[in-house]
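Heads up, the thing below is written out as structure tokens.
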Amino acid sequence: MKFGFEIKQMFFDSSAVKRGVDRATRRVFSRFGAYVRRTAKQSIRKRKKPAPPGKPPSSHTGLLKRFIFFGYDKPNKSVVIGPAKLSQNNRGEAPSLLEYGGPTQLKRNGKVISAHFRGRAFMGPAFEEEQPKLSALWRNSVRPRK
């Protein structure tokens, strides 16, 4: 009678575990990014009047809603969610001004004027609303490969 076993069978394959965790991280964060994006887009109402300060902004043209994206950042193992910087007609800082408020320079009839915007956050509240669901997304996310 001969008993024997390989010592390697007593340990798990660390590279396979790392790949599984990376795969699960990408899947969970991508799903979370989609949920936050959806909540942010739904919070923006289409109306002609500006939204009251402290409430999500109004969408006059639909441009802001169309330019909210998310993407998984592989090197940092994180998700980036938010509106793209608009480049047309010096609108690049508009999403940031809507979220946080602040001073800016505007061109009106060839004149440059100073203006101060009050914040109408939409991304921060969407993130806060979806954050409690993140732990449920992680549940059973790392599974053995079939």
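Not measured: the values here are computed from a predicted model.
- Identified under the ring-ring contact (aromatic ring centres under 6.0 Å, His included) test for residues 96-129, with sequence neighbours left out: Phe32-Phe127.
- For the residue pair His60 and Lys48, the shortest heavy atom distance occurs at CE1-O, 2.9 Å.
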Apply side chain to side chain contact (heavy atoms under 4.5 Å, CB included) to Arg47 and Ser58, showing your working. CA-CA 6 Å; Arg47 58 183 163 208; Ser58 297; 2.5 Å; yes
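- Of the possible polar contacts, none joining the Glu99 side chain to the Gly119 backbone as a donor-acceptor pair under 3.5 Å is found.
- For Ser114, the side chain to side chain donor-acceptor pair (under 3.5 Å) test picks out Gln105, with sequence neighbours left out.
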May I have the list of side-chain donor-acceptor pairs in residues 64-73 shorter than 3.5 Å, sequence neighbours left out?
from  : atom 1 : to    : atom 2 : distance (Å)
Lys65 : NZ     : Ile44 : O      : 3.2
Asp73 : OD2    : Asn76 : ND2    : 2.6

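- The distance from atom OG of Ser135 to atom CG of Leu137, rounded to the nearest 0.5 Å, is 8.0 Å.
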The test is side chain to side chain contact (heavy atoms under 4.5 Å, CB included); show your working for Val142 and Val17 and say whether it passes. CA-CA 8 Å; Val142 181; Val17 172; 5.7 Å; no
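- Looking at Ser43, its side chain does come within 3.5 Å of a backbone N or O of Ala40 through a donor-acceptor pair.
- No donor-acceptor pair closer than 3.5 Å links the side chain of Arg108 to the backbone N or O of Leu106.
- With values rounded to the nearest 0.5 angstrom, Leu134 atom CG is found 11.0 Å from Tyr35 atom OH.
- The CE atom of Met123 sits 12.0 Å away from atom CG of Leu98, with the distance rounded to the nearest 0.5 Å.
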Could you walk me through whether Thr39 and Glu129 satisfy the side-chain hydrogen bond (donor to acceptor under 3.5 Å, both in side chains) test, starting with their C-alpha distance in whole Å, then the side-chain angles of each, then the deciding distance to 0.1 Å, before giving a yes or no? CA-CA 8 Å; Thr39 303; Glu129 184 178 329; 4.6 Å; no
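- Counted within 6.0 Å of CZ on Arg118, heavy atoms from surrounding residues, nucleotides or ligands total 12 or fewer; the atom is thus considered open.
- Looking only at distances, a side-chain donor or acceptor of Arg120 sits under 3.5 Å from a matching main-chain atom of Ala51.
- Considering CZ of Arg31 and OG of Ser141, their distance stands at 9.5 Å, rounded to 0.5 Å.
- Tested against Asp22 for a side chain to side chain donor-acceptor pair (under 3.5 Å), the candidates Arg27, Lys74, Lys77 yield a single pass: Lys77.
- Residues Arg38 and Glu130 approach most closely at NH2-OE2, 4.0 Å, considering heavy atoms.
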Before giving the answer on side chain to side chain contact (heavy atoms under 4.5 Å, CB included), spell out for Lys107 and Ile113 the whole-Å C-alpha distance, their side-chain angles and the decisive distance to 0.1 Å. CA-CA 6 Å; Lys107 281 188 179 180; Ile113 61 170; over 6 Å; no
